[in-house]
Structures are given as structure tokens and as C-alpha cells.
Chemist: 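First, the structure itself, so that you have it in front of you.
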Amino acid sequence: MADPVRLAVSSDSPFQLLDLTERVAGVVAGAGLHHGIVHVFCPHTSCGLAVTELEDGLHADFEGALARLAPVDGEYAHDDMGRRRQNLEPDERHNGWSHIRGLLATQPAVSAPILDGALALGRWQRLFLVELDGPRPERTVVVQCWGAAGSAAW
């Protein structure tokens, strides 16, 4: 098992797919494992992880679908400060839509195989942090690798 690595990621748009594939592949390469698993975790609730294509039209379709499912101008109990009592911050954002979108369309964690020392995704697959409540100066993603360093399968 390799030590966990924290990646800092910043966004500059309210909705943004940030490609983490090469950064995670670098962590995998640095782990020195021949076979194993890489686990990527996002400790936030208004963004998350997704594996999909790097294709602008698909990303625009994704954003449009989320806007229809959880519109920014919708009514959310999360944003009703007269009702809400939990997890309040001094400058609380009204971002109920981003939490709903995160629940519907992303995961907090993704795992992928390490084969022959490299991140093994499909031909068109890329790993993205999906920002749903940006821009944000810093998000964190934790990457952890497990496996065998030799050439034998574990």
C-alpha cells in the first residue's frame, strides 16, 4: 500500500468537469505497484467524481440535464435558513441545487485497476472532478493505491 496523496484542484466556473486522469495516473506510476487498485475519494458534498468521456458536447448535455433536474432557481429546504439547523457556516451559501446534483450525478469515490504499473481505464474513459458549486479556489481529492510491487498477480 502506498501513502495517500492529496491533490488540490481549483475551479473557475459554477459547473465544470476537471480532468484528473493524468494526475491520478502520475500517482499510480509513483506508487511503484505492478498490479492493484487505485481509489480516488472526494471529501466534498457539492462536487464529486465521475468517469466519462472528454467530449465537449457530452459535457454540455450533462450540464443541461442537471439544470433540468435540479435548477439553480428551484426551492430547496437546504437554503431555507429559517428552517435549517444543521451544518451552518457564517457565510452559508444557498446551494441546494449543487447538493442535489451531486447526489444524482456523481460519486464520492471511484476505484480503478492498476495493470502493469499503469492506471487502466477504457479507451474513452477519463476521471473527472465534477464541480457543481464553483468557482472554488481549492477542492481536495485523496488518491490511495494498493497492490503488488512485483510482476506476479496478487
Side-chain angles (χ1 to χ4, degrees), residues 1-56 58-63 65-67 69-70 72 76-79 84 86-150 153-154:
M1 178 169 65
D3 289 336
V5 174
R6 285 178 176 78
L7 302 177
V9 182
S10 63
S11 63
D12 54 22
S13 298
F15 174 88
Q16 190 173 5
L17 277 84
L18 300 153
D19 192 344
L20 301 177
T21 309
E22 299 308 320
R23 292 180 70 187
V24 172
V27 172
V28 167
L33 302 176
H34 190 70
H35 296 296
I37 293 187
V38 60
H39 183 78
V40 184
F41 177 73
C42 175
H44 306 286
T45 57
S46 60
C47 68
L49 301 170
V51 175
T52 192
E53 284 187 69
L54 175 59
E55 196 277 306
D56 293 340
L58 174 63
H59 294 190
D61 292 340
F62 183 38
E63 182 177 15
L66 290 177
L69 290 170
V72 171
Y76 301 96
H78 177 78
D79 297 336
R84 187 168 161 201
Q86 299 160 309
N87 306 325
L88 294 168
E89 296 287 327
D91 294 319
E92 188 66 34
R93 292 172 93 134
H94 286 228
N95 60 358
W97 74 89
S98 65
H99 291 280
I100 299 301
R101 291 176 183 189
L103 284 165
L104 292 172
T106 67
Q107 297 294 319
V110 171
S111 294
I114 298 169
L115 299 175
D116 299 322
L119 176 63
L121 294 175
R123 178 179 180 187
W124 302 113
Q125 289 182 323
R126 307 288 292 181
L127 173 62
F128 293 92
L129 175 79
V130 182
E131 177 61 73
L132 300 164
D133 191 29
R136 296 286 184 128
E138 188 168 310
R139 297 290 201 171
T140 302
V141 176
V142 180
V143 182
Q144 179 82 53
C145 299
W146 290 273
W154 46 292

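What you see is a predicted model; the values in this text were computed from it and never measured.
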Chemist: Walk me through it: do F128 and T106 pass the test side chain to side chain contact (heavy atoms under 4.5 Å, CB included)?
Modeler: CA-CA 10 Å; F128 293 92; T106 67; over 6 Å; no
Chemist: If you measure from CG on L121 to OG1 on T21, what distance do you get to the nearest 0.5 Å?
Modeler: 6.0 Å
Chemist: Indicate yes or no: at least one non-hydrogen side-chain atom of R139 is less than 4.5 angstrom from one of S46.
Modeler: yes
Chemist: So how far is it from S11 OG to L17 CG, rounded to the nearest 0.5 Å?
Modeler: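 CG of L17 is found 11.0 Å from OG of S11.
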Chemist: Apply side chain to side chain contact (heavy atoms under 4.5 Å, CB included) to residues T140 and H44 and explain how you reach the verdict.
Modeler: CA-CA 8 Å; T140 302; H44 306 286; 4.0 Å; yes
Chemist: In the structure I gave you, are the side-chain heavy atoms of L69 and I100 within less than 4.5 Å of one another anywhere?
Modeler: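 Side-chain contact under 4.5 Å: no.
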Chemist: Does A50 have any side chain to side chain contact (heavy atoms under 4.5 Å, CB included) partners at least two apart in sequence or in another chain, and if so, which?
Modeler: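 Side chain to side chain contact (heavy atoms under 4.5 Å, CB included) list for A50, sorted by chain: V130.
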Chemist: Do L20 and V143 come within less than 4.5 Å of each other through their side chains, counting heavy atoms only?
Modeler: no
Chemist: If you measure from the Lys or Arg side-chain nitrogens to the Asp or Glu carboxylate oxygens, is any gap between R126 and E22 under 4.0 Å?
Modeler: yes
Chemist: Run Q107 and V40 through side chain to side chain contact (heavy atoms under 4.5 Å, CB included) and show every step you take.
Modeler: CA-CA 10 Å; Q107 297 294 319; V40 184; over 6 Å; no
Chemist: Is it the case that the side chain of R84 and the backbone of Q86 share a donor-acceptor pair, with hydrogens and angles ignored and the cut-off at 3.5 Å?
Modeler: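 Pair found, side chain donor or acceptor close to backbone of Q86.
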Chemist: Report the C-alpha separation of L129 and L7 in whole Å, then their side-chain angles, then the decisive distance to 0.1 Å, and conclude whether the side chain to side chain contact (heavy atoms under 4.5 Å, CB included) test is met.
Modeler: CA-CA 11 Å; L129 175 79; L7 302 177; over 6 Å; no
Chemist: Quick one: pull up CD in E53 and NE2 in H59 and give me the separation to the nearest 0.5 Å.
Modeler: 8.0 Å
Chemist: For residues L33 and C145, report the shortest heavy-atom separation together with the two atoms involved.
Modeler: CD1-CB, 3.7 Å
Chemist: What pairs of residues pass the ring-ring contact (aromatic ring centres under 6.0 Å, His included) test when at least one of them lies in residues 89-115, not counting sequence neighbours?
Modeler: H78-H99
Chemist: Which heavy-atom pair separates C42 from G48 by the least distance, and what is that distance?
Modeler: SG-CA, 4.1 Å
Chemist: Would you find a donor on one side and an acceptor on the other, under 3.5 Å apart, between the side chain of D133 and the backbone of P14?
Modeler: no
Chemist: Within the structure provided, determine whether V9 and R23 are in side-chain contact (heavy-atom separation under 4.5 Å).
Modeler: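 Yes. Closest side-chain heavy atoms under 4.5 Å.
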Chemist: Side chains of V38 and V27, heavy atoms from C-beta outward: is any pair under 4.5 Å?
Modeler: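 In short, these two side chains do not touch, never coming nearer than 4.5 Å.
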Chemist: Testing the basics here: between R101 and A67, what is the closest heavy-atom pair and its distance to 0.1 Å?
Modeler: NH2-CA, 3.3 Å
Chemist: Could you tell me which non-hydrogen atom of N87 sits nearest to which non-hydrogen atom of E92, and how far apart they are?
Modeler: O-OE1, 3.6 Å
Chemist: When you measure from the side chain of E63 to the backbone N and O of A60, does any donor-acceptor pair fall under 3.5 Å?
Modeler: no
Chemist: Does any non-hydrogen side-chain atom of D19 lie less than 4.5 Å from one of L127?
Modeler: no
Chemist: With sequence neighbours excluded, what pairs up with D116 under the side chain to side chain contact (heavy atoms under 4.5 Å, CB included) test?
Modeler: H34, H35
